[in-house]
Amino acid sequence: MTIYSYASFGYEGELVSVEVDLRPALPGFEIVGLPDSAIREAKERIRVAIRNSGFEYPTKRILVNLYPAGLPKAGAAFDLPIALGILARSGQLINQPQRIFALGELQLSGRVRAVDGVIAALHESSRLGDLPRLVPGENALEARAAGDQKIAHATSLVQAVTILSGESPAKEEGIDTAASESRSAISGNFSDMAGFSDELRALQLAAVGGHHLMLYGPPGSGKSMAAMRLPTILPSLDRNEALETTRIYSLAGKLPRRSGLITRPPFRSPHHTASREGIIGGGSSLQPGEVSLAHNGLLLLDEAAEFSAGTLQSLREPLEQRRVDLVRAGRRAWFPARFQLLLTLNPCPCGNLGKEDGICLCSEREIHRYWRNLGGALLDRIDIRLPVRPVDPQFLINGLRRSSESLAAEVQAARMRGATRGRGGLRNAELEGDVLQEATSLTDQARRELLECGRRYAFSNRALLSVLRIALSIADLDGTGIPSPAAINEAASLRAFGENEFYSGMNLNLKK
């Protein structure tokens, strides 16, 4: 019987053949093929699990080879395939199939425990064709999301042997969207906020087009509160997006046990003390970072200027390429990183710059240094930059309130209008070249308005294209079809901050 398993590395990983040899000699157990310590320790777990499951542990020399031998392997997912290989070679697995694919960690009792990366493993195993696939029972919902393959789940070594021997039918798991819904919940609702009409407009546009967004203003102005509620108006993920996102969380070991597809856009908000590896990914085992965990969702950097300059600047490549390439010790791996970046920050280190009843204690040099940490190159990739000011108490109490549900319905309708233009699944913020030109189809008056805004704000070429993308989102949200001159003007005003002076839009109140 040929046994296959899976070694995860980056987003893809590789299939591994588990070869078992028994020969008359002094009893012993060796595992070769570049196993890590977790795999080397498996021989004790497997020996006790086989005995406690009522099988006979062979008193022979056991050699296990994990092929390809030059590929490093890690984790406890090889326990079950190795144990099944030993039972098959010792003749205790009757009516054994010619080939199987198996994953699972064994407890000493023989119970099969859940492992990480099941979706990725099953996706790679599709290259093997039709064969029995065994996964832990706790991973059943996750396995169900992988596709329409015939998958059996086992809660114990005894059950795994029973299934493979044909003594009881394998429980096949098909696709069940309702049972695979993500259990993650988003707290908060925009109905909690009143008097934030400009902010709601900008947040809706960001949600429609997938635009990166920066909110800046004094403490207590509501910028963090608004940013944290943006996930509540985003549409649910489609099936491909849900599979990609769930796969990343599974590989990272962050998918809750007994859960299926992640169907809502992920929302990540790391602390400003997070390291560059924590944000981008890496480490000895090349784990995904926050930019990949936010794939198809949102990455919020609250108090963005407090992050280290190196960490902030490392975001530029993932923002452009929508993926992260990692290299460690000669090994290369990659993870998808198609995320929407949200930045919130104060206008100065003390936070009082531009505050009517506050006195800024920062020097002009300190303010420049504070904003320079963000960097012009990163800021240039932010489409929408919005100043947020504290709301007047009377508007806070009696102002108009809009629920997340009503805002989300408008966002969904706007995205459906944009989808009719045949963009190949790209969001407005991702359109380039001929696709962007065809999608916008500006009138002569709108072209003149775009050129005028470019001269007025001294926009670069990148900024002008950004204005076009925002204007397209405005047209989708308003239902006008193509960007009007008014949409161009509104888009330019949302983009304008930071083109010349970092704090040009603020009321300077510096202590001299």
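Hydrogens, waters and symmetry mates are skipped; everything else that's a heavy atom, side chains included, is used.
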Notebook entry, point to check: Does Q98 CD have over 12 foreign heavy atoms under 6.0 Å away?
Noted result: no

Note to self: Can you tell me how the ring of H272 sits relative to the ring of F307, calling it parallel under 30°, perpendicular over 60° and tilted otherwise?
What the structure shows: perpendicular

Next item on the list: Just grab all the side-chain hydrogen bond (donor to acceptor under 3.5 Å, both in side chains) pairs involving residues 61-70, residues at least two apart or on different chains.
Entry: E19-N65, E30-R61

Next item on the list: Before accepting this row, confirm whether a basic side-chain N of the pair R113/E138 lies closer than 4.0 Å to the acidic partner's carboxylate O.
Entry: no

Checklist line | Distance-only donor-acceptor check, side chains R264 and S236, under 3.5 Å | finding: yes

Report, one line per pair, each donor and acceptor closer than 3.5 Å where one atom sits in a side chain of residues 40-47; sequence neighbours left out.
residue, atom, partner, partner atom, Å
R40, NH1, P35, O, 2.8
E44, OE1, R47, NE, 3.4
E44, OE1, R47, NH2, 2.7
R45, NE, D79, OD2, 2.8
R45, NH2, A38, O, 3.1
R45, NH2, D79, OD1, 3.1
R45, NH2, D79, OD2, 3.2

Item checked: Neighbour count >12 (heavy atoms, 6.0 Å) for atom CZ, R462 -> yes

Check: Between the side chains of T344 and E303, does any donor sit under 3.5 Å from an acceptor?
Finding: no

Margin query: Using 30° and 60° as the class boundaries, would you call the ring planes of Y11 and F335 parallel, tilted or perpendicular?
Written below: perpendicular

Next item on the list: Any chance you could measure L80, atom CG, to S5, atom OG, to the nearest 0.5 Å?
Entry: 8.5 Å

Notebook entry, point to check: Can a salt bridge be assigned to the pair R332 and E12 using a cut-off of 4.0 Å between side-chain N and carboxylate O?
Noted result: no

Margin query: Between V32 and V64, is the side chain to side chain contact (heavy atoms under 4.5 Å, CB included) condition met? List the steps.
Written below: CA-CA 6 Å; V32 297; V64 175; over 6 Å; no

Check: Are any non-hydrogen side-chain atoms of L343 and L213 less than 4.5 angstrom apart?
Finding: no

Item checked: Test: D116 and R257 ion pair at under 4.0 Å -> yes

Next item on the list: With S53 as reference, evaluate L87, L157, L106 under the side-chain contact (heavy atoms from CB on, under 4.5 Å) test and give the passing residue.
Entry: L157

Margin query: Taking salt bridge (Lys or Arg N to Asp or Glu O under 4.0 Å) as the definition, give me every residue that meets it alongside E317, ordered by chain and number, with sequence neighbours left out.
Written below: none

Item checked: Side chain E142, main chain L255, donor-acceptor under 3.5 Å -> no

Checklist line | H211 and Q340: CA distance, side-chain angles, deciding distance, side chain to side chain donor-acceptor pair (under 3.5 Å) verdict | finding: CA-CA 7 Å; H211 302 285; Q340 190 173 346; over 6 Å; no

Check: Looking only at side chains, do E277 and S275 share a donor and an acceptor under 3.5 Å apart?
Finding: no

Margin query: Does either side chain, that of N52 or that of Q107, offer a donor lying less than 3.5 Å from an acceptor on the other one?
Written below: no

Note to self: Once you measure the plane-to-plane angle for W371 and Y216, does it fall in the parallel (<30°), tilted (30-60°) or perpendicular (>60°) bin?
What the structure shows: perpendicular

Check: Measuring from Q287:CD to L293:CG, what's the distance to the nearest 0.5 Å?
Finding: 9.0 Å

Check: Are E199 and K223 close enough for a salt bridge, meaning some N to O gap below 4.0 Å?
Finding: no

